[in-house]
Amino acid sequence: MKIKIPSGRRTRMIAALLAVALVAGSGVWWFLQRDALPEDAAFRVDGTTVQVGEVEQRAATLKALYGIEVPTDPAQRRQFWRDTAQAMALSQVVDKAAKERGITIPRRNAEQALADYITRYFGEGAEGRDAFVAALGSQATSEAQVRAEVSRHLLLTRLFAEVTSDVPAPDEAAVRRAFDERRCLLTTPERRRIRNIVVTGKADARRVMNTLRRGTSFAELARSHSADRSTADRGGDLGLVAREDLEEGYAEAAFSADRGEVFGPIRSEHGWNVGVVVEVRKPQDPPYRKVAEQLGSLLHYEAQASVWRAWLQGRLDKAEVVYAESYRPKDPGALPTSMSDPTGTAEACQDGQ
């Protein structure tokens, strides 16, 4: 049984907002259809035309840095190129605003940020750099283009800080109010320690269950019979997991069983599973003192995000952006709805989620 990585519970920091502004999202732009664009152009911002090849090069750089793949599905692929062009156009507007404020990123800062990236993802020293250069070759981009992308993010971070510098931190009353309103989000969900055995067929799984009923140690049977070698050496131990960490059918059985109960056989993506519940930890509400600082930081960020969004909308309203038909955003006049609540959590408890 492979644990599924949940997609909806990631902590969203400032970098996430910046990524929404630069990479993802639906329409952000006021579209002005004025003069026709050259045939090989993707868009034009305030008189500066960007070619299709530049958009494709940006996509290659994003793939090298973040693993962002061009979709194979035709509809998703078309939307991908619209989003990429839109992100580049937004970058130009933001770059112009940064220049007006006198914000620049020294080359040495970009070099250090790139060096940190290489060390983190490719390793230290010459070996790490060699691996990085090899990866660039396979992605059809260059070190200079990656450095420019890193510098762009540093610039955007500086600009965000300047635009939101006057946003005050929340007082304790606001933090306590948020603690009460968002208690459901702060609660640690029920978690269970589970051991699991994976075999190839349902009949094999039934034989495993019969063997367990005769008193054979689950851990020993997992070591000798489980096809999941990543957990077999640990006696099939999946560790402490929440319901959402598991595939749906397996989670239903695992969280319906009592402590010490064997459950299965259950088919999953990787075979037939037999599990046992070793430990049950009930949901827990954290004390205020343990989450107050983090919650205060989140509230401050949400307030900054609101100011940033209003400022960004103002810059977009002043920009003249013309897209080629195949690169035009679906809703060029609207900001992404996700930017109104960048954490995606402010109303969750009120909605009963």
Side-chain angles (χ1 to χ4, degrees), residues 12-35 37 41-50 54-55 58 62 79 81-105 109 148-170 174 297-325 327-347:
R12 293 169 172 87
M13 304 301 288
I14 290 177
L17 175 66
L18 304 183
V20 167
L22 281 176
V23 179
S26 55
V28 176
W29 294 98
W30 170 32
F31 174 72
L32 299 175
Q33 184 61 56
R34 293 188 174 180
D35 301 329
L37 291 171
F43 63 89
R44 182 171 61 232
V45 179
D46 292 334
T48 300
T49 300
V50 174
E54 295 177 73
V55 178
R58 177 72 180 280
L62 293 176
Q79 186 60 46
W81 290 118
R82 291 189 180 99
D83 290 342
T84 303
Q86 182 182 359
M88 292 180 68
L90 179 55
S91 293
Q92 290 197 10
V93 173
V94 169
D95 287 349
K96 181 179 179 181
K99 184 176 181 180
E100 291 172 359
R101 289 171 173 257
I103 299 174
T104 59
I105 302 299
N109 291 17
E149 186 69 28
V150 170
S151 181
R152 184 176 294 113
H153 279 280
L154 294 175
L155 185 75
L156 190 56
T157 301
R158 284 273 307 277
L159 183 59
F160 181 92
E162 283 202 11
V163 170
T164 63
S165 61
D166 293 334
V167 178
S297 296
L298 175 63
L299 294 177
H300 190 204
Y301 162 63
E302 290 176 353
Q304 289 175 312
S306 178
V307 170
W308 170 258
R309 180 177 180 272
W311 177 88
L312 184 60
Q313 180 68 72
R315 298 298 306 197
L316 297 179
D317 289 344
K318 295 176 182 178
E320 294 188 358
V321 183
V322 181
Y323 288 97
E325 181 64 29
Y327 288 92
R328 188 186 308 172
K330 181 178 180 181
D331 188 4
L335 284 170
T337 55
S338 61
M339 292 183 67
S340 63
D341 176 20
T343 65
T345 62
E347 305 299 328

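Every heavy atom of this structure was used, including side-chain atoms; hydrogens, water molecules and symmetry mates were not. Nothing fancy with the numbering, it's 1 onward along the sequence. Keep in mind it's a predicted model, so treat the numbers as computed, not measured.
Two residues are said to be in side-chain contact when any heavy atoms from C-beta on lie closer than 4.5 Å; Arg315 and Val94 fail this criterion. Counting heavy atoms from C-beta outward, Trp81 and Val55 have side chains that approach closer than 4.5 Å. Side-chain contact between His300 and Pro168 is absent, with no heavy-atom pair separated by less than 4.5 Å.
Nearest approach of Ser151 to Ile105, heavy atoms of both residues: OG-CB, 3.7 Å. Across every non-hydrogen atom of Leu37 and Ala324, the tightest pair is CD1-N, 3.2 Å. In plain terms, the two heavy atoms of Tyr327 and Ala85 that are nearest each other are CD2-CB, 3.6 Å. Taking all atoms of both residues into account, the shortest heavy-atom contact from Val45 to Gln92 is CB-OE1, 3.5 Å. Across all their heavy atoms, Arg44 and Thr49 have their closest contact at CD-OG1, 3.4 Å. Summarising the geometry of Leu299 relative to Ala174, their closest heavy-atom pair is CD1-O, 3.8 Å, with the distance given to 0.1 Å.
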Using side-chain contact (heavy atoms from CB on, under 4.5 Å), reason through Phe43 and Thr48 one step at a time and then give a plain yes or no. CA-CA 8 Å; Phe43 63 89; Thr48 300; over 6 Å; no

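Annotation: salt bridge (Lys or Arg N to Asp or Glu O under 4.0 Å) contacts of Glu162 (sequence neighbours excluded): Arg101. Qualifying salt bridge (Lys or Arg N to Asp or Glu O under 4.0 Å) partners for Asp46, counting only residues two or more places apart in sequence or in other chains: Lys96. For Ala303, the side-chain contact (heavy atoms from CB on, under 4.5 Å) criterion is met by Val167, not counting sequence neighbours. Shown here are the side-chain contact (heavy atoms from CB on, under 4.5 Å) partners of Lys99, two or more places apart in sequence or in another chain: there are none.
Taken from CE in Met88 to CG in Asp83, the straight-line distance is 13.5 Å, to the nearest 0.5 Å. The distance from atom CG of Asn109 to atom CG of Leu155, rounded to the nearest 0.5 Å, is 11.5 Å. Residue Arg152 holds its CZ atom at 12.5 Å from OG1 of Thr157, rounded to the nearest 0.5 Å. Of the inter-residue distances, the one linking Leu316 atom CG with Arg309 atom CZ reads 10.5 Å to the nearest 0.5 angstrom. Separating the CG atom in Leu156 from the CG atom in Leu90 is a distance of 8.0 Å, to the nearest 0.5 Å. The structure places OG of Ser165 at 11.0 Å from CZ of Phe160, a figure rounded to the nearest 0.5 Å.
Panel note: side chain Arg82, backbone Arg328; a donor-acceptor pair is recorded below 3.5 Å.
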